[in-house]
Each structure stands twice: as C-alpha cells, then as structure tokens.
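All values below come from the heavy atoms of this structure, side chains included, with hydrogens, waters and symmetry mates left out. Labels below follow one simple rule: chain letters A, B, ... track the order of the sequence lines, proteins then strands, and each chain is numbered from 1.
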Amino acid sequence: MSEFFHMGGYAFYVWTAYGMAFAILLINVVVPIVRRQRLLRDLRRMKSRKTP
Amino acid sequence: MSPTQRQRLMVVVLLTVGIGIAATLTLLAFQKNLLYFVTPTQIKSGELPQQRQFRVGGLVVEGTVQREGVKVQFDLTDTANSVTVVYSGILPDLFREGQGIVANGKLTDTGVFEASEVLAKHDENYMPPEVSEALETAKNMRNKFKGHPK
Amino acid sequence: MTAFTTIFRRDIKLALRHRSELINPLAFFVIVVSLFPLGLSADSRTLLQLAPAVLWISALLATMLSLESIFRSDYEDGSLEQLVLSDHPLFLIVLGKVTAHWCTTGLLLTLMSPALAISLAFPPQNLDILVWTLLLGTPTLSLIGSIGVALTVGLRRGGILLALLILPLYIPILIFGASAVDMSIDGLDVAGQLYLLAALFVLSLTLAPFATSAALRVTLE
Amino acid sequence: MRLFRFFHRFASPREFFRIAGSMIPWLAATTLLLLLIGLYLGLFVAPPDYQQGESYRIMFIHVPSAWMSLFVYMVMAGTAAIGLIWRIKLAHVIAMSSAPIGASFTFLALVTGSLWGKPMWGAWWVWDARLTSELILLFLYLGVMALYAAFEERRTAQRAAGILAIVGVINVPIIHYSVMWWNTLHQGPTVTKFDAPSIHPSMLAPLLIMSVAFMLFYAVVLLMRARWEVLDQEQRSNWVDDYLEQLSP
Amino acid sequence: MEAVQGARGDRVLFSSLSFNLSRGQLLHITGPNGSGKTTLLRILCGLLTPLEGMVRWHGHDIRSSASTHRRECTYIGHRDGLKAELTALENLQVNARMSGCHDTKVINDSLRLLGLWDYQDLLVGHLSAGQRRRLALGRLLVKRAILWILDEPFTAIDIDGRDIIEAQLISHLQGDGIVVLTSHQALSRPQLRERCVTVSLQ
C-alpha cells in the first residue's frame, strides 16, 4: 500500500494533481449549491416584503 | 431589389471576398518556408550568427553522453550532421540516448553549442514496460531475421 | 461611402484639435522603448537581441492605451447614439472611426519606429521589414481593439477590463510581427510572416467592423 | 419533428427548470459511478508507463480536462450565437453558466500539465505551443466572465459577453496555430516523432472513462448553475412563486 | 406601438403600454423622475429592445425594417451629441452630411433660425448650455424626418428659444409630421395642445 502512495517517486506530482482536480471539481459543485441557498433566501425575503 | 436587400447582398459579397483574400494569403504564406528551425545542419553551414541565443533541436547520439559531475556533454544529430552540446545543470528524467531534445543557448567560437537549458520531448506512446520490452525483442528478432543484427 | 468619409474627416479634425491626445501615444512609445537600454544595459548585442520584441510590444501597448479614444468621447457626449441611429450602415461608420484612429496612432508609430530602432542598435538595412510589419500589424490592432472598446464603452471603469479582453487576441499579431523582424536580422526570408500578417489584417478588416457594430448596439442599450 | 418540439419545450424557462431538475440526480449518480471506475482503473489497474513510470497517471485527469476546456468553449460560443441570433434567453443562460466551468477545466489542465511537466520535461512551465494556447484560452474565459460581471443589466451583460465569446472562437484556432508556429521556430519536426500516437488498451480504458465522466460532470454542473440562473432571471413569473410556495408550505 | 414592456435592471418600469400615433399628432409623455420616460423614447427610436411587445412603424416591426425607421426618425436625447472641439457650424455640417443633406443653404438657414448665426465659428465647448441645446435641435431642421423623438427639448432653453422650437413643432405637425416628446412643462401654444395626446407614466 505504501508503495502505491509512493507512486514510484512521483508521489508529490501525482497526488497534488489528483488533489487539485478533486478540489476544483468540488468547488464547481459547491458554488451552485451556495447560490441556490442564497437565491431562495433572497427571493423569499422579496416575496414576503411584497405580500403583507 | 429593395435598398435593404441590396445592402445585405453587398455585405455578403464583401465578407466572401475578404475571407477569400485572407485564405489566399494564408495559403501563400504556407507555401513559403515557414518552418524555421535550427538543425545541426544549419549550424554546420554557418547560416547562424554567433553570440545570438537560439534553440537547436535533434536526437541525442547514442554513446556520446559524457557526464562530469553536473557537467554533461553530448552530440545532437538531425541524422545528416551533428553538433556537440555542453550543458551544466540537472537533466530532465526523460533525457536519454536516442531521445529527442531541445537545447537553448549560444554557439561558441569553437563550434560547440553551450546550452543554458535542456528540454526533453516525450513521445506520444504510452505502454507498460513489459509491452515495450516485448516490442523491442520483436524488433530485434525481425532485424536478426533480415540479417541485420543490431 | 459618405458616412465613411464624413466620420473619418471629423475624427481627424478632432484629433488635430486635441494635440495632447495625438502626442500621448507617441510619447509613450518613445519613453517605453528608451526604458529598455536604461533598464537592461547599453550593450549593443543585448539590445539587438531584444530590439524586435521591444519595438513591437511598445507599439502594441501604445496602441492599446489609445484605443479608448475611438468611442469614449462620442459615448459621453451622446454622438455615439446618434451615429448608431443614423441610416448609414453602422459598419462603415465604425470603419471610418477605426481608420482615423489608425492614422493618428498606428501610422505615426510606424513612421517613428525607424528612429527608435536605430537607437537600439538595429541594423539599418533591415528597417524596411520593421516598417512593413508595423504597417500591416497596427491597423489590425486598431480593428480588433475597436471590438473591445465597443464592448466596454458603457462601463465607467473599462480600462483594465479592456486590456484583459484585448491582449489575448493580440498575441498572433505580436508573434508574427516580432518574429518576422527577428528573423530578418538573421538574414532569413520573412515573406511567409508578412503574408500571414496581411491575412490577419484582411480578416479583421472584414469581420471586426461587424463585431464592433453588434457590440455597440448591445452596449448602448 | 418530435425532437424539435422537445427542444422548443425545453427552451421555455419553466420547462427547462423542471426537466433539468429531474435530470440532475440521475446524471450526478452516473458521473460519480464513472469517476470511481475511472479512478480505480487508472490508479490501481493500469500498469506504469515504460518511460514515464507512475507519473503518467496524471494523464487521466490532465487529458480529459484539456479536452473539456476546448469543448466547453465551443458550447459557450455556440449557445451565445444562438442566443444572439434567435434571441433565446435560455441559450444565453447556458453560455454564461458554461464560462466558469470551462475556466476551471482550463485551469485544471494547466496545473496538472505543469505538475506533469516538471518531472518529465524538467520544467514547471515551458512556452510550448499547447501550453501557451491553453493559457490564452484561460484568459479568454476570464475575459468573458469579467465582461459578464461588469454590466449591471443582465441582458446587456449576456449579449456583450456572448459577442466576446464568438470573437474568441474565431481567434482560438488562429492563436493555436500562431503559437504552434512560433514554437516550431526553435524546434524542428525532426525532434518529434510523427508516428501515430499509440496507447495501450489498459491505459486507454481509464482515459476514456474519465473523459466521459468529465463530460457528464460538466453537464451536471451546467444544469445546476443554469437552473438557479433561470430562477433568478424569471423571478417575476408566476411559476417561480408557485415553486417557492411548493418548497416552503 | 403595442403592448410594450420596458425595464431597467430587474425592475419593470411599465408594461402593457400601447398606443397608436397618426400623422400630424403630438405625443406628450409625462411622469415623475425615474418613471421610464427616457426608456420609452429609446425603445421608440430603436436604441433599446423592449422586454416584450414591439414597436411598429408603417405597420412593420422596427427591428426588421430598421433602415426605413432610422431614415424617417430623428432622436434628440438628453445629451446633445455635439463635439466640443468643433465649431457650431462644423457640428451642424457633420450632422447634415450624416443625414444626407449637402445643401449649405439649409445649414445656413437653420443656424439663422436657431439664433446661432453670430456664433457659428465658436467652438461648441465655449457655447452656453442653452445654445448647445439649440444646436442639437438643429438636427431636426437638416434631416427633415417624419418622426421627431425629443427628450426634454426645452431644458436650459430661454423663452425666445422655446418660442422658436414650438413654432418649428407646429409647422412640422402641420406638414403631417409626428412628434413624441417628454417635458415637465406644459405646452404653451394652443396649436400644439389641440394636436396633443398625453401618456403619463407612474
């Protein structure tokens, strides 16, 4: 197993690359979710201001 | 034809003519010898001014690599001519005999290329080592069979 | 055609009345080029190595800094919406404005470049290639630049954004222009590069005015 | 004809919001599955390369993201053109939602390329044709995003940034070839071997699976982004009110 | 013009607005600041595309018959559209040439009519705001379009100037022209008021 993580001496390069990929993909998923929350909150606030 | 239609037609004609001229010029350009690359042959023929930095590309000649600490000397060939390159520094992992490399530097008075940077180009083949070995043996077998032992 | 000549003459007249705007890009060009010998070294061999790139990059930056003048003042005083509403084809008006811009910046930069080149130890026998590349390249810079200005003219702080939009598009011109000059110093044939610069010029001449017109109609909303 | 009708319905904001919402979970599940298979095959099953050893495994994320960076740009410019010509709001939404995703793929391709280049070529960065044009592609994406963000009026922003994306698409090949040509100034074709690039099936499989996974990932994130953009844009419509009420009774 | 909806930002300024104008009519658009008067004018002259609905000219959508509409329409916005570095005469000459008028007599007559004859060689940057406004309205006289769209034509203009402009409006209407204008002041001349339709925006 440690041999696997060692990556034939290229551990730093390989794992940094995979780590970056994971981070960037994750950001791409999180951003729309955060936007969803914020948008729904704003819209609700706007509607409630309008109705009463 | 209404003025609007005439104007549209004019625009279409202009666009076609313009793009046509641009395409013709591009084709003319590619007929000229656009690919300017420095090969050992060009260095040998003395076309290049000395003391100007440029890059030279070629294959590392097998059996010419001599290491002295961090200093490396090897011959670079384009199969017709070759030039000697000296370089001090760390070589990339892919640097090996027979490999294509690009060296950036200057030509000295003695005709030796003094590189300040050596880059290795990796080829576009990806395979496991066993496959590579198998291919190599197959090639040797074939060569032997043809009567050209390596 | 009246639209083209009327606008061209109007803009030339405006530039001549606005001396400082006419001189600023030229002064910028001179100063940037003269910074290099001061910052690097006065060694003529080093200078010659860098001369093609220095001249081309300085000309490119000088053009870019003057781009806003194509539409900015017309936008601010309301002339631009009048031009967009005129019944002449907008791309002819745009072409008139861009031509005037080139005559007051790119053309003058080109005419000045030999003197500056000599100061960078540039071999006199290669000056014609330098002038040719600039003559073919600077109008392309103005044409492509006009798209960027048209897109950013409605924004209060469009300056840096304009650079971000335009500089990536300038790279092919810079590459062909500078490398043609560079290779001519080495005594190589550069007809290929000149053809490519001409091709880029013709292509942008045919397409850029339409893109600029479309951009103006969008940003004036 | 049925296909046309489907697209026509799909282009109405309300239907898009509904259909996209029902598609996302399925697409997301498939993406995750393919990613896991691809990673397993790429990291555990595929053998090391004969020349580059283990380091070549960066390829399984580098190559798909480089492909996607171009693909997303084409989608962005294409939908921007559709939006400008036929005045379809949804097309603009898709174009502008694609920009940040494309930019992140481009960035990923550059970073992983750099991490691969250091051990293999001996440099973090070389001004090689591929690298340089990828970098310029990133600048084009950033330009589109910056221009989109600069306008307060959404409609103006979408159309202005759309024009820039289309201008960029004409320039992408020009930039690519100019940079390639500029680079070959210094290195002759004698260096690169022009035999057909060959890749062993055990390495090709994870590469292709990862590529499909990236493509689906793009689809998922695009739909997510576009959905909330549509909801924001259509906030005055009645169906948005209905949707909000349905969410919080 | 039918069922037009205009918006600035995410705020809808007006919706389902529709009206019809025929030759010889004047449309006076009123409304408080920020009610969308300028937006409406810009939609009418084709600078702005409405969010919904369309503007028709001679029965055709102005987006598809843009060149006819542009030829037959003059718009004077709240910005004058004059170059400060050119003289009054040069400005008017450029405007005239851009609208297809090459007659020096027309240009000279317009300058006299607007009371700018003595100032024709002065740079526009040196003219007063009222004089600039007059010069901007000079476009109307050199182009002779059917439809005049005027955004606050009377700002910064003195009583004399107002008289001159109103007289021009009357003769334009009598010659079967159409005028659309915004103004905070009521129109003073009875000839204008009897041809006037008012639309007020909230």
Side-chain angles (χ1 to χ4, degrees), chain C residues 1-24 69-97 100-101 104 150 153-155 210 213-221, chain E residues 6-9 38-39 41-51 62-63 65-87 90-102 123-125 132-133 135-136 138-139 142-143 145 147 149 151:
Chain C
M1 231 29 222
T2 17
F4 177 83
T5 43
T6 310
I7 291 301
F8 175 74
R9 279 162 57 187
R10 185 196 78 153
D11 276 18
I12 294 282
K13 204 184 267 177
L14 282 172
L16 292 176
R17 298 229 173 127
H18 229 291
R19 290 277 157 68
S20 67
E21 269 189 27
L22 190 66
I23 291 168
N24 283 347
S69 69
I70 303 183
F71 295 125
R72 174 64 65 188
S73 87
D74 276 5
Y75 175 76
E76 277 163 3
D77 64 23
S79 315
L80 196 56
E81 55 190 24
Q82 291 296 343
L83 293 179
V84 168
L85 286 178
S86 94
D87 58 334
H88 295 282
L90 186 53
F91 71 89
L92 278 181
I93 297 174
V94 165
L95 204 56
K97 291 191 72 65
H101 174 261
T104 52
V153 76
L155 302 167
F210 293 101
S213 312
L216 282 178
R217 288 199 197 282
V218 167
T219 47
L220 278 182
E221 283 215 335
Chain E
R8 248 5 210 165
T38 300
T39 305
L41 288 192
R42 289 168 73 86
I43 287 176
L44 286 180
C45 70
L47 272 176
L48 211 64
T49 8
L51 277 184
I62 59 166
R63 278 181 301 189
S65 63
S67 72
T68 322
H69 178 254
R70 278 190 210 125
R71 192 164 49 248
E72 296 176 348
C73 161
T74 307
Y75 168 68
I76 311 287
H78 59 92
R79 284 178 295 191
D80 293 321
L82 302 169
K83 304 308 293 181
E85 299 89 346
L86 295 183
T87 66
E90 285 167 338
N91 262 301
L92 200 57
Q93 277 172 342
V94 169
N95 290 343
R97 228 172 280 145
M98 288 304 286
S99 22
C101 161
H102 299 271
L123 291 184
V124 162
R132 280 199 294 248
R133 200 69 192 143
L135 188 57
R139 275 177 205 282
V142 293
K143 187 168 172 186
L147 174 62
I149 299 178
D151 199 351

side-chain contact (heavy atoms from CB on, under 4.5 Å) involving E:Arg97 - partner list, sequence neighbours excluded: C:Thr6, C:Arg9, E:Gln93, E:His102
Per-residue contacts, residues 70-80 of chain C versus chain E, heavy atoms under 4.5 Å: C:Ser73, C:Asp74, C:Tyr75, C:Glu76, C:Asp77, C:Gly78, C:Ser79
Residues forming a side-chain contact (heavy atoms from CB on, under 4.5 Å) with E:Arg70, sequence neighbours excluded: C:Asp87, C:Arg217, E:Ala66
For E:Ser99 against E:Val142, the heavy-atom pair lying closest together: OG-CG2, 4.3 Å
Contacting region of E:Leu86 [heavy-atom separation from chain C under 4.5 Å]: both
Lys/Arg-Asp/Glu bridge criterion (N-O < 4.0 Å) met for E:Glu90, C:Arg17: yes
Stepwise salt bridge (charged side-chain N to carboxylate O under 4.0 Å, His left out) check, E:Arg42 with C:Glu81: CA-CA 10 Å; E:Arg42 289 168 73 86; C:Glu81 55 190 24; 2.9 Å; yes
C:Ala3: side-chain contact (heavy atoms from CB on, under 4.5 Å) partners, not counting sequence neighbours: C:His88, C:Ile93, E:Met98
